[in-house]
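These numbers were taken from a predicted model, which means no experiment stands behind them. Throughout, protein chains are lettered first and strands after them, A, B, ... in sequence-line order, and every chain is numbered starting at 1.
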Amino acid sequence: MHAWLLVVAVFLSGCGEVWNNPYPAQEAGRNILYGAFTERPKHLDPVQSYSEDESEFNSQVYEPPLQYHYLKRPYTLVPLTAEALPRPRYEDAAGRPVAADSPRLAYSVYEIRIRPGILFQPHPAFARDDSGKLLYHELTREDLRSIFALGDFPKTGTRELTADDYVYQVKRLAHPRLHSPIFGLMSEYIVGLKAFAERLKTEDAALAAAGRGNAWLDLSQFPLAGVEAVDKYTYRILIKGRYPQFAYWLAMNFFAPVPVEADRFFAQPGMAEKNLTLDWYPVGTGPYMLTENNPNARMVLERNPNFRGEAYPDEGEEGDAAGLFADAGKRMPFIDMVVFSREREGIPYWNKFLQGYYDFSGISSDSFDQAVRLSVEGEAGVSPEMAAKGIRLETSVGTATRYFAFNWLDPVVGGSQADAETRARARKLRQAISIAIDWEEFISIFANGRGIPAQGPIPPGIFGLRTGQVGMNPVVYDWVGGAPRRKPVDTAKRLLAEAGFPGGRDEKSGQPLVLYFDTTDRGPGDKPRLDWYRKQFAKLDIQLEIRGTDYNRFQEKVRKGAAQIFVWGWNADYPDPENFLFLFHGPQSRAKFQGENAANYANPEYDRLFQQVKHMENGPARQALIDRMLVILQEDAPWSFGFHPKDYSLNHGWVSNLKPNNMARNGLKYKKIDVTLREGLRAEWNRPVLWPLGLLAAVLAAGAAPAVWSWRRREQSRGRV
Amino acid sequence: MLVYIFRRLLYALPILVGVNLLTFTLFFVVNTPDDMARMQLGIKRVTPEAIQKWKAERGYDKPLLYNEAAEGAGKLTHTIFFEKSVKLFVFDFGRADDGRDIGHEIKTRMGPSLAIALPVFLLGLFVTVSFALMLAFFRATYLDFWGVVACVAMMSISSLFYIIGGQYLVSKIWHLVPISGYAGGLDAARFLLLPVLISVAAGIGSSTRWYRTIFLEEIGKDYVRTARAKGLSELAVLFRHVLKNAMIPILTGVVVVIPLLFMGSLIIESFFGIPGLGSYTIDAINAQDFAVVRSMVFIGSVLYIIGLLLTDLSYTLVDPRVRLQ
Amino acid sequence: MPIILWTDALVFLLVACGAAAGFYVSRREYLLASWRRVGESRAGMAALTVLAAYILIGLLDSLHYRPRLEAVAGKPANGYSSEVRSALDALLQPLKAATEKTYSAPLATHLYARETVELPDGTQARIFPRLRHGGAHLGDPAEDWAQDVAGRIVRGLALAVLAGLTFAAIAVQAAAVRWGVRWQTAWRRIRRGETHFAWNAVLVTLAGLLLLGGPVIALAGGYHVFGTDKVGQDVLYLTLKSIRTGLVIGTVTTLAMLPFAVALGIVAGYLGGWVDDVIQYLYTTLNSIPGVLLIAASVLMMQVVIDTHPDWFATSAQRADARLLALCLILGVTSWTGLCRLLRAETLKLRELEYVQAAQAFGASSVRIMGRHILPNVMHIVLIAVVMDFSGLVLAEAVLSYIGIGVDPSTISFGTMINTARLELAREPVVWWSLVAAFAFMFVLVLAANLFSDAVRDAFDPRLAGRRITLSAQGQTT
């Protein structure tokens, strides 16, 4: 055992000064940014990918026509590959131009002009031989024998980005073999998309019938009525009616360009079996390209040599630190390579960050949320020890809302009962509960103080939210000393009594009021939260039965309208109030119409206002209507408006150009690191502590000593005999 | 001998069929294909059409066991059971519910799993057998007594504490090894050192006690007394006779686990971020990806059966008196 | 309103079985002899004393009831609370009710985290606020804390010494009367270990327990001895509540698997032929499925059943209990194979013995032979398996809970405690007390169980020493 310890020690000392560096020695000193991912990405195909952790990679590679400004707030759209922001033209059914508010308005036309000269990343799908023929488009299984990753193809090529690539991707939304999460929504808006999908379905069925079910389906053969390329650099999308929010969709990867060559390349027989698919290897024009995709261990983004270069923004929000503009106008990206390592468990992730092996924490990383208690002093910084290490905390209020929903169809807490008196009572019950649930405490215990109690569904940073007393929810809060203060529990108790449950007992039968709460919190670490929920209802002497169910059962219950009270959240698709207000729209009811209104709330006046507000431009008129809608919601209390979680990211001192941005996911290109500083600090923080090795050796020796001693004695006694 | 092996392998078939039927029933009672679809499709904007499409694409739209609509043999083969289970027998694992190829995944993850399980196995065996021999040598002394006490104490500690404590002290406080992660090739040693040591330490208690008892049983036998009477030194007796004769009981416990080493270790792998089959299994359980879990169950059973066979074969190597019939 | 949860029923069934078995054994000298050998083992008896303390807590925690609601505002009391409590909860009510806002260290008087509070003069400051309960009786904690704590410890120790002496006196007196000797002689014999039953070990262990418990009880009146957790619950309370879960998993599981293992093992061994083949097939198949995966599948399946029938369970305690029971049954199903195989082998041997052959010759039915002649002769193996399984199962619970297929998250258990505590280790500053408390209580329980099972094994069949009777889930997972 000693010998092996020695071997270990020798071996370890060979690794240089720091023993615990998880990265290969040849990466030392290079301009590489290190991050981590906790969930393996499921899809990297831009028509399928819809989750934040996937766009961490995809958004660096794919470039939709628009993007969000990195620094400006409120969130503003700016062109990315487009020449300018598209201004929709409005037409009537016959194609004649009309005014924006015309009753005859039938279509909005978005014409997007992209910049010439943008090149795709080097990729074998573009490789051509000397005669200009595509090199790898007629491969046989035999040719693929020695190919296991994309990098195994010896040659690569590139091509200029054209409008056709954008058109092709819109068509892919309707691809019969892919399921785009937004196909349902977009087929309501994009002219001809539904019919196009039907057409593709029959074509696909014909292919399958011919026994070529996996053969390539060339979408460019089939015309899509509402989307066409006007010239090499311009394409046009026809939208039914008015849909101002469409511009936001144009900033998402669903509308990024996909070259037809790549699709065809990956459709060749034998590719999919080797995991060579577009879903695994994105092909884009962005600042980075994914060169290593091993979702079990690491994902590597490398600088795209064909990237045109983009200038760092020179304007931002008022109050932005001057340091944020040090690189204004300089060519991005600044970092050569980004390495993301898989980190399944929160604790190793966090500890490695503290040791300096991760340069930043992901925005809204749940594992950090659990592992860290940051002693946040108000808005500013981190604990003194962390501040001393140069770690900075960047927070921003997320465009999301967490809430408790009351099922509107429920006879006790809902609001769709037949007679008005029962309805009024149920409303008081909901209001009482809304007051009793102390979200401020929840934020401080479970979100480490990073959240803002919600006054309504609309989070800060999105049009429609009003700050100060006007924006306060008067049902739950009082305005005291210039700030909202949650009403005392006594008010809630009074409301509860008025609702017919004095002291938590039914007035008539004397039976205790038992409410049922559904949640997907049922992991081993969720116990504290469940205890907390119960405590909130106990304040009103209401007995809460918590039903922790698995995700599927929970979904099904909500879908059937069988849950009474449940906890849920909503993350914005785009920064427009419509994306939150539609969660209460009657025809969006989950139980009745499979929509996104999970509480099944229905209020005719609200629905009428929503129809008006939906497609209005932001302005005082819209604000007035939204104000009215919020008052209705606050009074009806179909949700106990929980809180808007604050997104945060922790960064080491050597990372600069940081500003959390909840909408833009393509932020890597802005970041910059100071490699020398990092090397120095890492060495300083990770000096190996050697005495335990000595101690271990001593303990082993101490353990062995009596054995050796008694062995000697035995030998001697034997000798004497 | 070959006939024997062949017959044993034939016996394995009904067992594998049983395993398959059992897991199939368990998993499809738990999660209907609709559930799986919803699980994979995510939270936002999931339409019934999308679910149908997902199921059709992965072959989950067929009946479970018996297809009325199909013709002839198709009644049995055009079913979820046939397509998802029977193919396992030719080691065609198909695709995971998230669309990735399971076979490819298993191939790439087997390396890291073995890289940790094999050293744990060998080192563990070496350390515990030597420790047990030492205790047997010093039997009925204070050394033996305290050794056994230490063993009992060590086996009374939950393995979770070894992992949590080891990672906290060695990696976080003393900076001796990377906290988690994995790299291929020689570099892997730095990442594997701590998990291997922890696994070995967690297993020392019970294994040592077990080997010690076996040795003591052998030492009590007549031939040992004879050997000693011949004047052989105690050490020679221990190594030449006791160890050799204790091989059979040791082999029974040890050989059967060798094939299972491929399966990796669930908890160690997930704590230390080693991309092996153990963490793959845990991921699959958490994501309720039953295509993966089914495959892992199948592989586990196959390996177990191979282990049993290897055990029998190893007896003939150690003890020529054992004949296989 | 008393509530008998399923696991309570099984626990009491076990107690009843134990009592019946004790009565049976006490009538048969040859069985009694083996038990006397257990009683001679010092380590075994010390362990048994510790186990007895655990079992006492576990049993108290198995007496469940729903408190009646008090009358409110003139309305007559009607109905019961949906909260299910146990006798232990009633005893520990002060601990249970004394919740703080969030973490506090052991014996602390202030919260572990800073908070912004409004000072009397209207300004805001970030300070460590005083706890609501821990040390709330102190006027000036900085000044009085050390003295108060020391005082309580001394009082606790004094109490413990008093209780210990009383018990020792009673025991010695009883022994003296029994042996018909003088008091001093009895005391000397016990002290020197000259008794058959290891009285001295019991008394020493008891003294140790009292010396530890006394101060804890004295301190628990005014402080959180092991601190508080994330939502401010007393960790001592949580640890004590975990004990029942551990005991239930360790015992009910074995109870659930025994009928299968014993019946099938004996039948397979005795009858042989196709019956043997079928049973062998059954256990080889079950054995060949990786245990954790089988458990995961079954637990998830049970969970679905429980989830889809919320109306079966009136309270969440009953639902959590159903899951605990399901876990026990599933662990039982996966762990009976080892014992079954062992019993089969033993029966094969017994079948050839003369007296069994004789019984067969007399034309006794197979059932009669198996029940009368074989079963009693394999009981010692069953007993050893039961006690040896116990510790493995307690350990397995923690691991399974980590993977997320253990007990219900609302059930307090060592597994759930370790799991939450694991995350707390990464906090800055580190929160260590939950982990240490869970570690200490779990270690002592498992250690005692291991020592006791060794004593039982040595007394009944030393040949079985070290043979791995069952493959518990623990071994397969790490």
Side-chain angles (χ1 to χ4, degrees), chain A residues 1 8 11-12 15 18-24 40 42-43 50-51 176-177 179 181-185 272-275 279 294 296-297 341-345 347-349 351-352 354-355 357 550-553 555-556 571 573 594 596 685-690 692-693 706-707 710-711 714 718, chain B residues 31 34-36 38-50 53-54 57 98-101 104-105 108-109 112 127 130 134 137-138 141-143 167 169-183 187 189-191 193 233-234 270-273 275 279-280 282-283 288:
Chain A
M1 231 156 136
V8 168
F11 164 76
L12 282 174
C15 303
V18 173
W19 292 11
N20 61 353
N21 187 348
Y23 304 116
R40 35 183 301 163
K42 279 180 184 164
H43 299 291
Y50 201 2
S51 83
R177 290 179 218 149
H179 9 197
I182 65 160
F183 169 71
L185 183 79
E273 282 99 275
K274 299 200 158 185
N275 260 325
D279 211 15
N294 180 1
N296 302 328
S341 308
R342 174 91 197 271
E343 208 59 79
R344 301 177 74 257
E345 290 273 326
I347 293 169
Y349 187 1
N351 286 333
K352 269 177 168 170
L354 285 184
Q355 292 180 346
Y357 293 119
D550 74 350
Y551 179 72
N552 275 317
R553 237 49 57 185
Q555 287 268 324
E556 190 165 314
N571 290 322
D573 293 309
Q594 301 277 312
E596 293 293 339
W685 294 343
N686 291 297
R687 259 185 223 126
V689 182
L690 291 176
L693 282 185
S710 112
W711 157 266
R714 207 182 277 197
R718 180 189 272 269
Chain B
N31 263 32
D34 278 41
D35 290 337
M36 293 191 260
R38 235 171 273 129
M39 193 89 185
Q40 293 298 328
L41 288 174
I43 309 174
K44 282 178 167 182
R45 307 187 197 283
V46 177
T47 57
E49 294 83 51
K53 202 161 141 190
W54 187 91
E57 207 159 274
D98 66 3
R100 305 278 200 232
D101 184 38
H104 173 84
E105 201 70 23
T108 50
R109 283 169 176 269
V127 170
S130 349
M134 194 184 94
F137 180 80
F138 292 112
T141 66
Y142 269 96
L143 269 175
Q167 206 173 31
L169 288 177
V170 178
S171 302
K172 182 170 181 192
I173 306 288
W174 298 334
H175 310 302
L176 291 177
V177 288
I179 287 175
S180 68
Y182 186 74
D187 218 19
R190 287 190 302 136
F191 296 98
L193 187 67
S233 81
E234 184 69 23
S270 67
F271 261 96
F272 288 94
S279 54
Y280 189 45
I282 287 216
D283 280 352
Q288 306 201 355

Discussion item. If I measure from the heavy atoms of chain B, does A:Ser710 come under 4.5 Å with its side chain, its backbone, both, or neither?
Written reply: both
Worksheet item: What option among A:Ala272, A:Pro692, A:Ala297, A:Ser341 has the most heavy-atom pairs under 4.5 Å with chain B?
Response: A:Pro692
Worksheet item: Is there a side-chain contact between B:Ile179 and A:Asn351, using heavy atoms and a 4.5 Å cut-off?
Response: yes
Worksheet item: What is the distance from atom OH of A:Tyr23 to atom CG of B:Asp187, rounded to the nearest 0.5 Å?
Response: 12.5 Å
Worksheet item: Counting heavy-atom pairs under 4.5 Å to chain A, which of B:Ser270, B:Gly273, B:Pro112 comes out on top?
Response: B:Ser270
Response to the item:
So, the part of B:Ser279 with a heavy atom under 4.5 Å from chain A: the answer is both
Worksheet item: Below 4.5 Å, heavy atoms only, C-beta onward: do A:Pro348 and B:Gln167 meet side chain to side chain?
Response: yes
Discussion item. Can you tell me which portion of B:Phe191 sits under 4.5 Å from chain A's heavy atoms? Options are side chain, backbone, both or neither.
Written reply: side chain
Worksheet item: Closest heavy-atom contact between A:Ala707 and B:Leu143?
Response: CA-CD1, 3.5 Å
Fill in: Residue A:Phe183 versus chain B: region with a heavy atom under 4.5 Å
neither
Worksheet item: If you measure from CZ on B:Arg190 to CG on A:Asn20, what distance do you get to the nearest 0.5 Å?
Response: 8.5 Å
Worksheet item: When the ring centroid of B:Phe137 is compared with that of A:Trp711, is the distance short of 6.0 Å?
Response: yes
Worksheet entry | Donor-acceptor contact below 3.5 Å, side chain B:His175 vs main chain A:Val689 | no
Item to complete: Measure across B:Leu176 and A:Leu690 and return the closest heavy-atom pair with its distance rounded to 0.1 Å.
Response: CD2-CD2, 4.4 Å
Worksheet item: Is it the side chain or the backbone of B:Ile173 that comes within 4.5 Å of chain A heavy atoms, both, or neither?
Response: backbone
Discussion item. Between A:Lys352 (side chain only) and B:Ser180 (backbone N and O only), is there a donor and an acceptor less than 3.5 Å apart?
Written reply: yes
Worksheet item: So, do A:Pro688 and B:Trp174 sit near enough that their side-chain heavy atoms are less than 4.5 Å apart?
Response: no
Discussion item. Is it the case that the side chain of A:Arg342 and the backbone of B:Gly181 share a donor-acceptor pair, with hydrogens and angles ignored and the cut-off at 3.5 Å?
Written reply: no
Response to the item:
Max heavy-atom pairs within cutoff under 4.5 Å with chain A, candidates B:Met134, B:Glu105, B:His104, goes to B:Glu105
